[in-house]
Amino acid sequence: MRYLRLAGLETPLNEHRALMAWPSVAGEAFSRYTEAVAIRNQVLTVRVSSPAARATLMMQRSNLVKKINETVRAQVIADISFV
């Protein structure tokens with residue numbers, strides 16, 4: 001990990017891990033209606049195809065941020081934007 005940090009690759013790698021972790025963090029039910037699109041300035045953008053799913057996910061936002069960071073084992077995400 002030290003080499004990755006020195007090479008400036010640690011953050012991009014952790015961001016990639018966070019994007020890949022989204023389906024397991026969101027769960028099977030929400031994974032059907034969502035897609036993690038990008039991370040910019042510690043904000044994960046998630047595309048949501050169902051208004052009901054969006055409303056539920058918005059209420060669980062802080063818990064989802066915590067789960068993603070725990071999964072990646074790094075403070076990668078500070079917020080989630082549902083679009």
Next item on the list: Determine yes or no for a side-chain-to-main-chain donor-acceptor pair under 3.5 angstrom, with N14 supplying the side chain and V76 the backbone.
Entry: no

Next item on the list: Give a yes or no on whether the backbone of Y33 and the side-chain of S49 come within a donor-acceptor separation of less than 3.5 Å.
Entry: yes

Note to self: Main chain of V43, side chain of D79: is a donor-acceptor contact present, judged purely on distance under 3.5 Å?
What the structure shows: no

Margin query: Treating R17 as the side-chain partner and V72 as the backbone partner, does any N or O pair qualify as donor plus acceptor under 3.5 Å?
Written below: no

Check: Mind checking whether V37 and I80 sit in one hydrophobic cluster, side chains of I, L, V, M, F, W, Y counted as touching below 4.5 Å?
Finding: no

Item checked: Derivation and outcome, side chain to side chain contact (heavy atoms under 4.5 Å, CB included), residues R61 and F82 -> CA-CA 9 Å; R61 179 182 285 156; F82 298 104; 3.8 Å; yes

Checklist line | Main-chain N/O of S62 paired to Q60 side chain as donor or acceptor, under 3.5 Å | finding: no

Next item on the list: Provide the closest heavy-atom pair for I68 versus L44 in the form atom of the first, atom of the second, distance.
Entry: CD1-CD2, 3.5 Å

Checklist line | Distance (rounded to the nearest 0.5 Å) between T71 OG1 and I77 CD1 | finding: 11.0 Å

Notebook entry, point to check: Can you find a pair of side-chain heavy atoms, one from L64 and one from W22, that are under 4.5 Å apart?
Noted result: yes

Item checked: Q75 atom CD, over 12 foreign heavy atoms within 6.0 Å -> yes

Note to self: Could you walk me through whether T56 and F30 satisfy the side chain to side chain contact (heavy atoms under 4.5 Å, CB included) test, starting with their C-alpha distance in whole Å, then the side-chain angles of each, then the deciding distance to 0.1 Å, before giving a yes or no?
What the structure shows: CA-CA 9 Å; T56 303; F30 289 114; 3.5 Å; yes

Notebook entry, point to check: Going only through I, L, V, M, F, W and Y residues with side-chain contacts under 4.5 Å, is there a path from M20 to I39?
Noted result: yes

Check: Which atoms form the tightest heavy-atom contact between S31 and A26, and what is the distance?
Finding: OG-CB, 4.2 Å

Check: Just by distance, do the side chain of R54 and the backbone of V83 share a donor-acceptor pair under 3.5 Å?
Finding: yes

Next item on the list: Identify the heavy atoms of L19 and A36 that sit nearest to each other, and give their distance.
Entry: CD2-CB, 3.8 Å

